[in-house]
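Here the structure is laid out as structure tokens; the discussion comes afterwards.
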Amino acid sequence: MIPLFGVAMSPAAPAAAAEVLGSGRIGQGAKVDEFEAALAARIGNPRVATLNSATAGLQLALHLVAGGTGDDGDDGEVLSTPLTMEATNWAILANRLRIRWVDIDPATLNVDLDDLARKISPRTRAVMVVHFAGYAVDLDRLGQILDEAEARFGFRPVVIEDSAHAWGATYRGRPLGTHGNVSVFSFQAIKHLTSGDGGAIVLPTDELYRRARLLRWFGIDRTADRLRNPPDVPEWGFKFHMNDINAAVGLANLAGVDEVLARHRDNAAFYDRELAGTPGLELTERAGDRESSFWIYPMKVEDRESFMKRMDDAGIMVSNVHERNDLHTCVREYAALLPNLERVAPQIVCVPVGSWVTDEQREHIAASIKKGW
């Protein structure tokens with residue numbers, strides 16, 4: 001089987017982790033600082049705080065910008081997409097906020113920004129967008145929608161960009177994480193850049209950055225002398241910090257992530273050329289103002305069940321990757337009419353596109369698809 005996912009692990013990572021393990025200092029320390037500095041340089045934003053997962057990053061992001069607004073019967077809402085990993089939306093529930101589902105754009109599989117504009121209300125506490133497959137949401141159009149909301153309601157909801165798929169993706173020539181919103185990246189096992197597990201939150205202001213660094217470790221100032229002069233905790237926090245073991249692995253993999261990303265993109269460009277015009281198959285949008293990271297390669301196909309059977313017979317692992325979050329029992333109370341999602345979700349399927357896919361394998365994948373199903 002040609003696998004759908006793989007682990008991009010540097011040969012230098014085991015020794016890097018072993019060095020930390022043998023040092024006697026394995027918690028959050030110098031390696032975390034070094035990793036954060038390297039990430040900040042790559043992203044182009046100095047306000048980067050690493051965490052033990054992107055899920056923690058999403059929960060912390062909502063706590064920072066809407067914390068407490070879900071308490072005491074408040075009907076605060078977060079606008080979000082149901083086409084994502086459950087972590088995106090469970091972070092909303094963890095903050096005792098309500099989910100308001102936004103339909104998807106069939107061309108991009110990102111949120112439908114027209115539907116989002118219609119659903120902003122005085123109850124909106126934040127807007128959660130996912131850069132699906134690593135293809136950026138139209139952030140300028142989103143900014144215009146928020147301008148209109150601010151003029152109408154007197155407040156501007158904060159945007160949280162779930163960039164778990166999108167390491168290295170750009171919008172208007174700038175990396176995600178530099179567009180004035182809160183952004184969260186994932187370094188989970190099968191992402192472009194892995195630290196074994198982990199994530200990072202990238203902040204637009206110094207105040208949010210200061211709070212994020214405190215709240216990722218209980219709200220305690222780690223720079224204080226806790227033995228001689230224990231610090232006060234004015235705002236409680238979580239145990240969301242990264243440790244030096246994960247940071248060492250992340251640093252080793254950061255050195256080669258550009259090559260990993262380039263191979264994802266090269267494989268995707270090959271499929272774009274080879275599969276264009278294939279009967280029964282529709283590719284997703286490619287706008288000139290953004291560059292996808294192509295963590296996955298989604299397509300829309302007729303008769304998905306037959307397509308998946310054909311790929312299985314050809315030794316190609318395929319999947320829709322993410323199930324609709326809105327159908328889970330635990331969020332039944334937030335049910336909404338989502339006609340685009342209803343129509344498109346049964347068509348979505350992803351084929352292997354990662355750095356492990358060889359030229360010969362991608363040719364086999366394209367040829368197998370073009371034979372029909």
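Note: hydrogens, waters and symmetry copies are ignored here, and every other heavy atom, side chains too, is used.
In the hydrophobic cluster analysis, where Ile, Leu, Val, Met, Phe, Trp and Tyr join through side-chain heavy atoms closer than 4.5 angstrom, Ile245 is grouped apart from Leu193. No chain of hydrophobic side-chain contacts below 4.5 Å, direct or via other Ile, Leu, Val, Met, Phe, Trp or Tyr residues, connects Ile2 to Leu4. Neither Tyr135 nor Leu341 shares a network with the other; the hydrophobic side chains, linked directly or stepwise wherever heavy atoms of I, L, V, M, F, W or Y lie under 4.5 Å apart, form separate groups for each. When hydrophobic clusters are built by joining Ile, Leu, Val, Met, Phe, Trp and Tyr residues whose side-chain heavy atoms come closer than 4.5 Å, directly or via intermediates, Leu176 is not grouped with Val184. One hydrophobic cluster, built from ILVMFWY side chains closer than 4.5 Å, holds both Phe238 and Val65.
Taken to the nearest 0.5 Å, the CG atom of Leu97 stands 10.5 Å off from the CG atom of Asp75. Rounding to the nearest 0.5 Å gives a distance of 12.0 Å between CG of Asn320 and CE of Met299. Taken from CE in Met317 to CD1 in Ile365, the straight-line distance is 11.5 Å, to the nearest 0.5 Å. Atom CD1 of Ile99 and atom CG of Leu93 lie 4.0 Å apart (nearest 0.5 Å). One finds the CG atom of Leu64 at 12.0 Å from the CZ atom of Arg216 (value rounded to the nearest 0.5 Å). Atom CG of Asp313 sits about 14.5 Å away from atom CH2 of Trp373, to the nearest 0.5 Å.
Partners of Arg172 under the salt bridge (charged side-chain N to carboxylate O under 4.0 Å, His left out) rule, at least two apart in sequence or in another chain, are Asp140, Asp289. Partners of Asp114 under the side-chain contact (heavy atoms from CB on, under 4.5 Å) rule, at least two apart in sequence or in another chain, are Asp112, Arg118, Arg141. Judged as a side chain to side chain donor-acceptor pair (under 3.5 Å), and not counting sequence neighbours, the contacts of Glu274 are Lys370. Listed by chain and residue number, nothing satisfies the side chain to side chain donor-acceptor pair (under 3.5 Å) test with Tyr271 (two or more places apart in sequence, or in another chain). Under the side chain to side chain donor-acceptor pair (under 3.5 Å) criterion, Asp197 pairs with no residue at all, not counting sequence neighbours. Qualifying side chain to side chain donor-acceptor pair (under 3.5 Å) partners for His131, counting only residues two or more places apart in sequence or in other chains: Glu161. For Asp303, there are no salt bridge (charged side-chain N to carboxylate O under 4.0 Å, His left out) partners two or more places apart in sequence or in a different chain.
Between Val182 and Val159, every side-chain heavy-atom pair lies at or beyond the 4.5 Å cut-off. A heavy-atom distance below 4.5 Å is not found between the side chains of Arg125 and Val158. The shortest distance between side-chain heavy atoms of Asn253 and Ser195 does not fall below 4.5 Å. Residues His192 and Phe185 are not in side-chain contact: their nearest non-hydrogen atoms beyond the backbone lie 4.5 Å or more apart. Inter-residue side-chain proximity for Cys350 and Ser319 is flagged as unmet; no heavy-atom pair is nearer than 4.5 Å. Side-chain contact between Arg226 and Pro231 is present, with heavy atoms from C-beta onward closer than 4.5 Å. A 4.5 Å side-chain heavy-atom check between Ile348 and Val321 finds every atom pair outside the cut-off. Side-chain contact check for Ser53 versus Gln188: every heavy-atom pair is 4.5 Å or farther apart.
Applying the 6.0 Å contact sphere to CD of Glu150 captures more than 12 heavy atoms from other residues, nucleotides or ligands. Within a 6.0 Å sphere centred on CG of Leu283, other residues, nucleotides and ligands contribute more than 12 heavy atoms. Atom CD of Glu302 is surrounded by 12 or fewer heavy atoms from other residues, nucleotides or ligands within 6.0 Å.
When every heavy atom of Val249 is checked against every heavy atom of Gly196, the shortest pair comes out as CG1-N, 4.0 Å. Residues Tyr334 and Trp101 approach most closely at O-CD1, 3.0 Å, considering heavy atoms. Minimum interatomic distance between Arg343 and Pro346 (heavy atoms only, all atoms of both residues): O-CD, 3.5 Å. Considering every non-hydrogen atom in both Ala169 and Ser293, the closest pair reads CB-N, 4.0 Å. Asp244 approaches Gln28 most closely through the heavy-atom pair OD1-C, 3.8 Å. Of all heavy-atom pairs between Leu51 and Gly57, the closest is CD1-CA, 3.3 Å.
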Less than 3.5 Å apart, which donor and acceptor atoms pair up between the side chains of residues 82-91 and the rest of the protein, not counting sequence neighbours?
from, atom 1, to, atom 2, distance (Å)
Thr84, OG1, Thr88, OG1, 2.7
Glu86, OE2, His328, NE2, 2.7
Thr88, OG1, Met85, O, 3.3
Thr88, OG1, Asp162, OD2, 2.6
Asn89, OD1, Ser80, OG, 2.6
Asn89, ND2, Thr81, O, 3.0
Asn89, ND2, Asn325, OD1, 2.8

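Neither side chain, Thr108 nor Glu285, offers a donor N or O lying under 3.5 Å from an acceptor on the other.
Looking at Thr124, its side chain never comes within 3.5 Å of a backbone N or O of Ala126 through a donor-acceptor pair. Without hydrogens or angle criteria, His364 side chain to Ala314 main chain gives a donor-acceptor distance under 3.5 Å. Judged by distance alone, the side chain of Asp221 and the main-chain N or O of Thr223 form a donor-acceptor pair under 3.5 Å.
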Audit row: Ile104, Leu338, side chain to side chain contact (heavy atoms under 4.5 Å, CB included) steps and yes/no: CA-CA 8 Å; Ile104 65 165; Leu338 304 167; over 6 Å; no
Pair Ile92-Leu62, side chain to side chain contact (heavy atoms under 4.5 Å, CB included): steps then yes or no: CA-CA 7 Å; Ile92 299 170; Leu62 278 167; 3.7 Å; yes
Verdict with reasoning, Asp147 to Arg156, per salt bridge (Lys or Arg N to Asp or Glu O under 4.0 Å): CA-CA 7 Å; Asp147 289 343; Arg156 185 183 185 88; 2.5 Å; yes
Intermediate values then yes/no, side chain to side chain contact (heavy atoms under 4.5 Å, CB included), Asp138 and Tyr171: CA-CA 8 Å; Asp138 187 343; Tyr171 178 78; 2.6 Å; yes
Test side chain to side chain contact (heavy atoms under 4.5 Å, CB included) applied to Ile120 and Arg152, step by step: CA-CA 10 Å; Ile120 294 178; Arg152 182 179 179 187; over 6 Å; no
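Between Phe132 and Trp295, the distance from one ring center to the other does not fall under 6.0 angstrom.
Sorted by first then second residue, the salt bridge (Lys or Arg N to Asp or Glu O under 4.0 Å) pairs that include residues 6-31, not counting sequence neighbours, are Lys31-Glu34. Under the salt bridge (Lys or Arg N to Asp or Glu O under 4.0 Å) criterion, the residue pairs touching residues 227-240 are Arg211-Glu235, Asp225-Arg228, with sequence neighbours excluded. Among residue pairs with one or both ends in residues 320-340, those qualifying as salt bridge (Lys or Arg N to Asp or Glu O under 4.0 Å) are Arg98-Glu333, Arg324-Asp326, Arg324-Glu342; sequence neighbours excluded.
The hydrophobic cluster containing Val130, built from Ile/Leu/Val/Met/Phe/Trp/Tyr side-chain heavy atoms closer than 4.5 Å, comprises no other residue.
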